[in-house]
Amino acid sequence: PIYDVHQRHHGGHCCPHRGYHAVTAPKEAPNAHRTSQPTPPVPTSATPGSASAPSGSSPSGPVPSAAPPDPAPPDPAAPDPETPGPTPLPPRRFPALDGLRALAVFAVVLTHTAFTTGRYERGLGGSAFARLDSGVAIFFVLSGFLLLRPWLTALATGRQGPSLRVYFVRRFARIYPAYLLAVVAAFLLLPANRSAGIGDWVRHALLVQIYQPGHLRAGLTQTWSLAVEWSFYLCLPAIAAAIAWVCVRRWRPGGILLVLAVLALIPVPWELLVVRAAPALASAGLWLPAYLGWFAGGMALAVLRVELDRDGDRAYPWTRRLTELGRYPLTCWAIAGLAWFVALTPLAGPRSLEPGTAAMTVTKHALYLVAALALVLPAVAGDSPAVQALLGNRVMRYLGEISYGVFLYHLLVLDAVMAMLDLNTFTGDLMMVLPLTLALTGLVAAASLRWVERPILRWAHRWRPSSTAEAAH
């Protein structure tokens, strides 16, 4: 999730999860119609932030000279007065993404509560409750958008990319401290985990519990997506480097989208050739390659946003059309709803935990991606006042801030609520269990945000590497 996912880079989770204009080409470049004002000449003898003394002078005044000094040779490292310098893109925040996080985590809590109370298989709406696991797709799309955007911004402006050390420190600070607290609480408080051994503690502490079947412990089964998220964090710098290489370190949206299209297609052969064809890798359906399409969709939205920030009205036609679509949130939400309703059909596989065919799995993931993109698009492009009012208000933003804690702790609280009501698994009234679970989880998540997450995130965003070179990134 995933979350922050991530909007303050963040990242955005993100995650659980918590982002600039470009250098225009010289006249001889292909895109000669995109012009900018040239930067003034910079004296080669001056250092940044200081003035250079005139030639032949001293601090006490001019020194007579019989002949003028020879002109200094040109400095090859000095900027060309005729070449425009890097222009930063305008800083942006996306408050509506917090509201989307809140909706996504509500969907996750609802689907898990419905499963625990047996509502998947009895009463009306079983399929709808089961398909609310699509909230995870929203988290992954948000992570792809928010985390790749700084690298794309650097590529679009000709500047240095993010410092890897700063990036990893902030990602670690965003998800790990609260996650470790949830792991400790689950192992110590839930009776079902009394048999957990040192291997279970180590696997969950290292976020590698998904790489063998049967290692997700009670109260922590939802953390499979955190393990996927963390593996995406580890791979993202390599993805950004591949994009820069393909584009020859220039802003080429077409080349970037080509790389992302390849990533988006990886889940198909992964499902066919690995998950289905290798029984020894039974848990491979929970690994990062199975969900790269969702991350790639978010990264494609980051390309859209950076192109709009870079060139505005001169952006490529496809970006203007998507922006126009984003100005009509009802249309986008209708597209999301249609994709989600199709996912309720047998085309997307069974609603229980029984595995469907490879075609069903691929179809479900594709439908979830369409729904997630349609929900996120108006929040990052189009500048719709309705979207900002509904999803970017103070209440929704706060709910988005605590969404990571809600995601982490809701199964622990759900287990406690079921015990408090003396209910067995697959029994109970959803409309009684859900409000209690949401209320108590919200309190725990708010406490976690105030006393665990925020203090550590503040430190992480103040931290800089000791190396001057690294800090300059």
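Quantities reported herein were computed from a predicted structural model and do not represent experimental measurements.
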> Please walk me through it: do Leu236 and Phe295 pass side-chain contact (heavy atoms from CB on, under 4.5 Å)?
Replying inline: CA-CA 10 Å; Leu236 183 59; Phe295 290 107; over 6 Å; no
>> Surrounding CH2 of Trp318 (heavy atoms of other residues, nucleotides or ligands, distance under 6.0 Å), is the total greater than 12?
In response: yes
> Which atom names give the shortest non-hydrogen contact between Gly297 and Leu369, and what distance separates them?
Replying inline: CA-CD1, 4.1 Å
> Can you check whether Ala178's main-chain N or O pairs, donor with acceptor, with Glu453's side chain at less than 3.5 Å?
Replying inline: no
> Does the side chain of Leu152 come within less than 4.5 Å of Trp251's, by heavy atoms?
Replying inline: yes
> Do Trp294 and Val136 have side chains that get closer than 4.5 Å, going by heavy atoms?
Replying inline: yes
>> Could you check whether any side-chain N or O of Thr357 sits under 3.5 Å from a backbone N or O of Met360, counting only pairs where one atom can act as donor and the other as acceptor?
In response: yes
> If you take all heavy atoms of Met418 and Asn424, which pair is closest and at what distance?
Replying inline: CE-O, 3.3 Å
>> Is there a side-chain contact (heavy atoms from CB on, under 4.5 Å) between Leu97 and Arg397? Walk through the geometry before answering.
In response: CA-CA 8 Å; Leu97 297 187; Arg397 292 181 67 181; over 6 Å; no
> Going by atom types alone, do Arg454 and Ser448 pair a side-chain donor with an acceptor below 3.5 Å?
Replying inline: no
> Is Tyr316 close to Arg320 at the side-chain level, that is, under 4.5 Å between some pair of heavy atoms?
Replying inline: no
>> Quick test of your reading of the model: are Arg101 and Glu401 salt-bridged, counting only N-O distances below 4.0 Å?
In response: no
>> Nearest 0.5 angstrom please: Thr441 OG1 to Leu434 CG, how far?
In response: 9.5 Å
>> Determine whether a donor-acceptor pair (N or O, by modelled atom type, separation under 3.5 Å) exists between the side chain of Tyr176 and the backbone of Ala205.
In response: yes
>> Return the CZ to CZ distance between Arg305 and Arg149, rounded to the nearest 0.5 Å.
In response: 7.5 Å
> Heavy atoms, side chains only, cut-off 4.5 Å: are Trp287 and Leu281 in contact?
Replying inline: yes
> Strictly by modelled atom types, are Tyr179 and Thr223 linked by a side-chain donor-acceptor pair under 3.5 Å?
Replying inline: no
>> What I want to check is whether the side chains of Glu307 and Thr319 have a donor and an acceptor closer together than 3.5 Å.
In response: no
>> Apply side-chain contact (heavy atoms from CB on, under 4.5 Å) to residues Leu147 and Phe232 and explain how you reach the verdict.
In response: CA-CA 10 Å; Leu147 296 183; Phe232 173 69; 4.1 Å; yes
> Under the criterion ring-ring contact (aromatic ring centres under 6.0 Å, His included), which of Phe172, Trp463, Trp151 is the partner of Tyr167?
Replying inline: Trp151
> Measuring from Leu207:CG to Ser231:OG, what's the distance to the nearest 0.5 Å?
Replying inline: 9.0 Å
>> Taking the ring centre of each residue, are Trp270 and Tyr291 less than 6.0 Å apart?
In response: no
>> Show me the pairs that pass salt bridge (Lys or Arg N to Asp or Glu O under 4.0 Å) and involve residues 206-223, at least two apart or across chains.
In response: Asp200-Arg217
> Tell me, do Ser163 and Pro465 make a side-chain contact under 4.5 Å, heavy atoms counted?
Replying inline: yes
Under 3.5 Å, which donor-acceptor pairs link side chains of residues 375-389 to any protein atom two or more places apart or in another chain?
residue : atom : partner : partner atom : Å
Ser384  : OG   : Ala386  : N            : 3.3
Ser384  : OG   : Val387  : N            : 3.4

> Passes side-chain contact (heavy atoms from CB on, under 4.5 Å), Phe106 versus Leu132? Steps please.
Replying inline: CA-CA 9 Å; Phe106 173 76; Leu132 289 175; over 6 Å; no
> What residues form a ring pair (Phe, Tyr, Trp, His ring centres under 6.0 Å) with Phe187, not counting sequence neighbours?
Replying inline: Trp201, His204
> Looking only at side chains, do Ser283 and Gln212 share a donor and an acceptor under 3.5 Å apart?
Replying inline: no
> Between Val274 and Ala284, what is the shortest heavy-atom contact and its length?
Replying inline: CG1-CB, 3.9 Å
> When you look at Arg276 and Thr361, which way does the side chain to side chain donor-acceptor pair (under 3.5 Å) test go after all the steps?
Replying inline: CA-CA 11 Å; Arg276 305 289 168 168; Thr361 299; 3.1 Å; yes
>> I need the minimum non-hydrogen distance between Ile456 and Ala173, along with the two atoms involved.
In response: CG2-CB, 3.7 Å
>> List the residues meeting side chain to side chain donor-acceptor pair (under 3.5 Å) with His365, not counting sequence neighbours, and say none if there are none.
In response: none
>> If only side-chain N and O atoms count, and only distance matters, is there a donor-acceptor pair under 3.5 Å linking Asp133 with Tyr368?
In response: yes
>> Tell me the closest heavy-atom pair linking Ala218 and Ala192, and the distance in Å.
In response: CB-CB, 3.8 Å
> Backbone N or O of Ala130 within a donor-acceptor pair of the Arg351 side chain at under 3.5 Å?
Replying inline: no
> Below 6.0 angstrom between ring centroids: does that apply to Phe426 and Phe115?
Replying inline: yes
>> Rounded at 0.5 Å granularity, tell me how far SG in Cys247 sits from CG in Leu155.
In response: 6.0 Å
> So which heavy atom on Leu373 is nearest to which on Gly298, and how close?
Replying inline: CD2-N, 4.2 Å
>> Any side-chain to backbone donor/acceptor pair from Thr427 onto Leu423? Under 3.5 Å, distance only.
In response: no
>> Do Thr116 and Val433 make a side-chain contact, defined as non-hydrogen atoms from C-beta onward lying under 4.5 Å apart?
In response: no
> Can we say Arg327 and Glu324 salt-bridge, meaning some charged N sits less than 4.0 Å from an Asp/Glu carboxylate O?
Replying inline: yes
> How far does CG of Leu301 sit from CG of Leu322, to the nearest 0.5 angstrom?
Replying inline: 8.0 Å
> Excluding sequence neighbours, so at least two apart, what forms ring pair (Phe, Tyr, Trp, His ring centres under 6.0 Å) with Phe168?
Replying inline: none
>> Among residues at least two apart in sequence or on other chains, which ones pass side chain to side chain donor-acceptor pair (under 3.5 Å) with Thr345?
In response: none
>> Checking the side chain of Tyr120 only, and the main-chain atoms of Ser127 only, is there a donor and an acceptor separated by less than 3.5 Å?
In response: no
> Can you find a pair of side-chain heavy atoms, one from Met299 and one from Leu263, that are under 4.5 Å apart?
Replying inline: yes
> If only atom types and distance count, is the side chain of Asn393 paired as donor or acceptor with the main-chain N or O of Leu390 below 3.5 Å?
Replying inline: yes
> Counting only heavy atoms not in Met420, do more than 12 fall under 6.0 Å of its CE?
Replying inline: yes
> CD1 of Ile210 to OG1 of Thr221: how many Å apart, nearest 0.5 Å?
Replying inline: 13.5 Å
> Can you find a pair of side-chain heavy atoms, one from Leu440 and one from Tyr409, that are under 4.5 Å apart?
Replying inline: no
>> ring-ring contact (aromatic ring centres under 6.0 Å, His included), that's the test. Do Tyr211 and Trp224 meet it? Break it down for me.
In response: CA-CA 10 Å; Tyr211 297 106; Trp224 70 266; over 10 Å; no
> Pick one: which of Leu391, Ile138, Val108 meets side-chain contact (heavy atoms from CB on, under 4.5 Å) with Leu103?
Replying inline: Leu391
